[in-house]
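Note sheet for the following structure.
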Amino acid sequence: MIDLEEDMSSPSLGLADSPNGLKDVNVSSSKEGVVRIQGVTNIDQDCSVNEQEPKNTSNIVQDSSKTDQEVTTSDQDQSIEVQESQHNTLFVKHSSINDQENPRTDQGKFDGDQDCGLKVGKTQKKPKDVQERYKINRDCRVVSYATQKDRPRLNSINMASTKIGEREAMDDDAWEEDGEGNNQPLAIGYDVEIPNSGEMEEESGGLDTSDELWQEVSSKKHRRAASLDENSNKMIPQHHCRQLISSMEKRLRSSLQTSAEEFLSSAAKLPFKSSKTTVKTLINALIKPSDVTSCLPLSLRSCISHSISKFKSLSDSTFTSSPITPPAKRVRRSARNKKDGVVSPSEHRDNERQPIVEKLQVYAYILHLCVFHPKNVLSISDLLPAAQELHDNLILFECDPILLSEIANLCEEWWKGDLLGKETLISQALPVILSRSLTLKKKVDVHRVYTLRDAFTLFDFEDESIEDLKHLLIRCVISPLYLKTEDGRKFIAFMLGLSVQLTKDVFAMIKSQIPYGRKSVLEAYGEIVFRAWKAVEGECKYEIENGFVQGLLEGAIYASSATLSASIRRIIGVFVNHRTTEGVEKLIFSIAEPVIFRSLQVANSNVRQNALHLLLDLFPLEDPDATKEAKDTLLEKQFFLLEKLLMDECPDVRVVAVEGSCRTLHLFWEVIPSSTITKIITRIFDYMTHDACTEVRLSTMNGVIYLLGNPQSHEVLKVLLPRLGNLIMDSTSVVRASVTDLLLLLNDIRDFHFHKVVRLDLLFSTLANDLPLIARKITKLLIPSYFPSRVTDEEACKRCITLINRSPTAGARFCEFAASEGASFRSLMKLFKVIIGLTLSSGILEEEQIEGLLLAASHLCTNLAKDASFLASLKEELSAEKLKTLFVVASTARAQSSVCNIISTTSLDAVGDLFEECMCLINKCNGLSGNIERQDEVRSAHKMILCCGWFDDMFEALVGILQKAARGCHVNFGIELGKQDVRSATSRKTKSSRKLSSKSKRRSGKKSSDTGQSIFLEDYAIAAGVAWQIKDLLLSENTRKAILDSGVLESAYFALKVISEASVLHCLQYDFFNASTVSAYTTLTLHMSLHNIKTDGWKNSMQANTSPTKQIRASNAVKMLTAVLKFIADATCMNLAPQYQERCLKFTTKYMKFIISNLRDNSIAQLQFPEDVLKDIFLCLKSSFTYGAKFLNSVLKTCDALLPQAGAYSLVNELFNVIVSVEEFMGYGYAVRLIAVVQPWIPDLILALGSYSLLKQTTEESTLFSESSENFLTHLSSWFYVLARIELRELRDRGSDEDDFAAFKRLLETISQLLKANSKILDAVGVIFLNSSLRALQSKNFHIFLGLLHFVCVKLVGPEGGERKELNLMWESLQRMYSELEKEGDVASNSEDDRQKLLIAKALIEPVWMSFMYGDEGRHSMEQE
């Protein structure tokens, strides 16, 4: 019992009873405002003790507990002091009789899941060494401290205030600042405000358990530490609530013995979740018929009917008053988010409905218990009306998911139990369950739908009211959950038998998903259709066979793309995989036979290819009901067509035919007649291996590899495989790689020998010269023979040396990949020692053999150096004397390069004086830019120089070579050397110059008789090689840093500048100029700019009149100018020289004109370039277009002035002219390859074309766009003439397939599509075409005028162009054009042909004109007229 004294003058603390809480609690208050609660409690709380010295008497919380062990239930006397703080918050001071004996210091955890009115009060700062924590029982309301460690756990607690929505749980005062400036929570108080006992007795009459008070308590949606009385705005104590609940449960038990009405009334007053167990126990306790059991169904129906009527009346009154829009976002339950005393209409409506909904939840649960009573004491027929009442009004309760789910579950269980009247309880529940499965996306809901599948047969799917349910069913077809689960696929298959119209709708949905479906989705659809086909009968089965499957098969044949055809075949493939099922073979034959053989012989190659794919999937296609003779005839027909398609004119068809033939032979070798096998396989080996198409040859190799998987084919292939040997020298690397795969496979098959298929000399040649991937495969093939692991190291080394002697380069490549193919490092180290010893000791070796041995040693050293232990052995093996000897023995540059690689790889210290030898290798750089092998050798020398610390000496020597060539350019071409005295650098006496003096003297002596011109040519060629080296060194981070930190950097820059200027100015007059100098100069300049390195004389000395003129040396000029253009594009992107943007635009535009002029001149002169030269020129041309477009993109991003826009417009026109010129003068093939490069830059080209108009639209200063400023728009570029020519041909010969500019036409189609997607851009670009057309009209170029107008009116706008409100500029231009067209039509001097063109133009422009003026209504009226 609880005794509350009435002399309490302040709010007090209410402690809720609990099994582990306080027992027999006596609460009293004193005049000082301190409430003392005496009681006996069971302590099972994991507590920790903390001591704190308070500054005052308020806001103090201290605690200690029993023992350091976990305490079991034991009764102890405790004293709890409740003190009132300044904020009227009561805190508990909890003490125990064992406080001094067994203090606790460990930390506990929160163990409560109720919203317990969490609040924070002010306390003093606690000592750092004191920590306190409570493990709080669910119903116990006490105070605990939290430390810094617990802060994350506190942040996750729902800190609701004591009075709902009145205040936040945590005050800002409750945080203290630690030593690091972080706020830490001080104390958390669980306080409950309770009115004084006198007030409680006055308000509620003591422990009143009347219905009025209970209704007030139980109607609260959120059960908190205490409940709020709405009328008095007082807090109802929670322990009163608990006593009321206990009292009501007792009343519920007693009411069950009196009457059903009282039982239902009492049950409806209890909270639904907490009372379910009690109600279930009481209902299940009814084991025999009684008055209650006889009256309960009727009473239950009456209560349900009454509640539903009341719910409907509230809904009607609410809806008729004013519709309320539900809030878009749930409002936070806080006093700061709502106004005092203001309740929204929606909240008021929900508050009125909630009690009714809670009652219906209880009634539905009781009905469920009655229906499925374990003893069946209640009649199902009596309970059916109540269930029908709930089911028929199910749609009303969409707002409450709990009630909706309860009723749907009842109807579902009723159906599963096959109870009386189940058909009447499924029509409303089934859509709810189906919608739930699509919304919640849980597998269990899909399973529920599948178990209820028979209920769907009750619906009339032809009725209009079924549309909502049909939409839900069709949604299942595209639901990933339904397609992924077994039950989901079975249910969709079941759906296909419900209704013919539903089946058609489902198939339409499946067809719409095929183009985008993944493999798993398409296979799921195939399984669904196959299941349905097996299960259904009648019209639905006919629809599946003749409507869907046949449509799929025809779609697979006539698909517009190979990808779509493959997707369709995935669905058909499910039927093919089940062809052994009865009826499937007959179905496939009856559907495919009429169309597939005809499609294999049509003119369209795409149709033939798709049909061939389908035939191979269905092979062998046969009628199960036909005779053996008929089957053999049909099979021969298929083989005949397959053999015929091997020689098809389309390469794609031949590819499929080869692979399909090999697959068919692999699968059906045993049953195919030998004569048929011989014909097919002979044709493959004799013709397909020599096919001109690379894909066909590759398919042949892949097909033969696949065919080897059938052992029955080995005898035949053993004879035929040597015919494939020459493919090891194929021009395509993928074919050569496929041949090596075949050889590796043969090496693993008994009785096959790879060297009988491909000769060893061909293998060695391929190993020596081919790509690393192919060379590695050949190494894997040869390693069992030339470096086996099963023999001794000496024998393995002997075999490898034999390979090197037979083919030095191949042997070196073999050593390069031996480690990656399984050779042990120990054996390779032994081989390295043998090779070095053989190289040093033998004096009778040929130069090629020494080169191969050193190259092999270099590769071995690279592999062995990866292991630290073997790296040490390498250093011990290589002394300075040996290295010096190796350099002497290495007579070729490649051999010396190998020695350099060994030194740089092992980082040897005792390298001796080898700088001069290494520099000799570097200085032999004449023609370096075009020799890949020499480039590798020079790079090896660079690595050694850098490793030995000689980089500065090397760079000074290279700069000296550049300065000598720069002086030659000054003497021969008059190029100014600038402020920097180039000759001063040559007077420096460095280490390198001293060492090279003797060689220089010898060389100068040899050249004493040469003329000055020949000396300059040699110096320039060497300088070009040095320039290539500098550019290559700038690519590596280490060497780039060394160059930029060098003391002779400025000298190198000015020397390259002079040489580059001479190269650009005079490249058209001389053959010897090289683009490497310009490329090195621009690269060095770019890096110096990025690192903010300035030099004297930075200003460019090149004159403005350096634009290209007539072509003399096209190859050199294009390469050099492409390098310059690359520099311009890169510098502009990095915004390094914005002040030169206009000059760069002029240069780029003139360069494009230079390209066009040379293309035209070469075409007229019919110059026949060598294939390699033409290839280089076109490669530079593609690069130039890319750099020009990149530069144009940067200009559009950075400039907003008129002149740059004029330059951008001129440049984009020249870029279009380049495209047209390439197709006109070089042919369609080159144009297609160029347009592949153009594609990514099309948006930039479009923006540049309309940049002037766009800037005019967005600029407010109209003076910027005067009439004189538009002069650059008056010139018609040449590509406009080509565009007009294309449009006129289309207008004149609509059925003709002849296209002069087919590639450019496809580009225009892409541009049109992009323009239609943005009306603003369309307006800016369209007005350019209209103004150009208008100028052509004014100059009486009527064919140009008509062609451009046709492009705008038909391709860009068109009569069905849609919205035109934003096309203001085009509208203004059309106004001028229409009036000009009217005037021109009245001119008598025009010829008949011109008048005809004007009439056609007027017919084109009038629909667009009317649409601009009056919208679509005007256009339609004109069409009617």
Quick one, [X] and [Y] - any side-chain contact, counting heavy atoms below 4.5 Å?
X      : Y      : value
Leu434 : Asp445 : no
Leu564 : Ser561 : yes
His578 : Phe530 : yes
Ile514 : Leu552 : yes
Val521 : Gln513 : no
Val449 : Ile433 : yes
Ile407 : Leu403 : yes
Val446 : Leu481 : yes

Closest heavy-atom pair and its distance - [X], [Y]:
X      : Y      : value
Asp460 : Ile466 : O-CB, 3.8 Å
Glu523 : Val574 : O-CG2, 3.9 Å
Thr277 : Thr281 : O-OG1, 2.8 Å
Cys540 : Thr503 : SG-OG1, 3.9 Å
Ala386 : Leu367 : C-CD2, 3.9 Å
Ile366 : Ala267 : CD1-CB, 4.0 Å

Are [X] and [Y] an aromatic pair by the rule of ring centers under 6.0 Å?
X      : Y      : answer
Tyr450 : Phe491 : no
Tyr363 : Phe272 : no
Phe494 : Phe456 : no

Scan side-chain atoms only and decide if [X] and [Y] contain a donor-acceptor pair under the 3.5 Å cut-off.
X      : Y      : answer
Ser465 : Asp463 : yes
Thr424 : Gln388 : yes
Ser381 : Ser379 : yes
Glu413 : Asn409 : no
Gln428 : Asn393 : no

Take atom [atom1] of [X] as the centre, draw a 6.0 Å sphere, and report whether it contains more than 12 heavy atoms from other residues, nucleotides or ligands.
X      : atom1 : answer
Glu486 : CD    : yes
Lys375 : NZ    : no
His447 : NE2   : no
Lys280 : NZ    : no
Glu423 : CD    : yes

Within this structure, what is the [atom1]-[atom2] distance for the pair [X] and [Y], rounded to the nearest 0.5 Å?
X      : Y      : atom1 : atom2 : answer
Lys511 : Ile571 : NZ    : CD1   : 10.0 Å
Leu390 : Leu360 : CG    : CG    : 6.5 Å
Asn351 : Gln354 : CG    : CD    : 8.0 Å
Leu587 : Trp533 : CG    : CH2   : 5.5 Å
Lys416 : Cys411 : NZ    : SG    : 12.5 Å
Ser565 : His613 : OG    : NE2   : 7.0 Å

Keeping the roles fixed (side chain from [X], backbone from [Y]), state whether a donor-acceptor pair exists under 3.5 Å.
X      : Y      : answer
Ser512 : Met509 : yes
Ser405 : Pro401 : no
Ser307 : Cys303 : yes
Ser313 : Lys310 : yes
Ser499 : Phe461 : no
Ser259 : Glu262 : yes
Thr451 : Arg448 : yes
Ser435 : Pro431 : no

Cation over ring face, [X] and [Y], 6.0 Å, 45°:
X      : Y      : result
Lys276 : Tyr365 : yes
Arg489 : Tyr482 : no
Lys422 : Trp414 : no

Give the C-alpha distance, both sets of side-chain angles, the deciding distance and a yes or no for side-chain contact (heavy atoms from CB on, under 4.5 Å) between Phe589 and Leu618. CA-CA 9 Å; Phe589 176 79; Leu618 302 179; over 6 Å; no
Residues passing the side-chain contact (heavy atoms from CB on, under 4.5 Å) test with Ser299, sequence neighbours excluded, are Ala260, Glu261, Leu264, Cys295
side-chain contact (heavy atoms from CB on, under 4.5 Å) between Gln550 and Glu545: does it pass, once the steps are laid out? CA-CA 6 Å; Gln550 184 172 358; Glu545 292 179 351; over 6 Å; no
Taking the inter-plane angle between the rings of Phe372 and His368 on a 0 to 90° scale, is it parallel (under 30°), tilted (30 to 60°) or perpendicular (over 60°)? tilted
Taking only residues two or more places apart in sequence, or in another chain, which ones meet Arg579 in a side-chain hydrogen bond (donor to acceptor under 3.5 Å, both in side chains)? Glu585
Working note: Ile596 + Leu621, criterion side-chain contact (heavy atoms from CB on, under 4.5 Å); need CA distance, chi angles, decisive distance, verdict. CA-CA 10 Å; Ile596 193 167; Leu621 185 64; 3.9 Å; yes
If you apply the rule side-chain contact (heavy atoms from CB on, under 4.5 Å), what do you find for Leu286 with Leu378, and how did you get there? CA-CA 9 Å; Leu286 299 174; Leu378 296 169; 5.6 Å; no
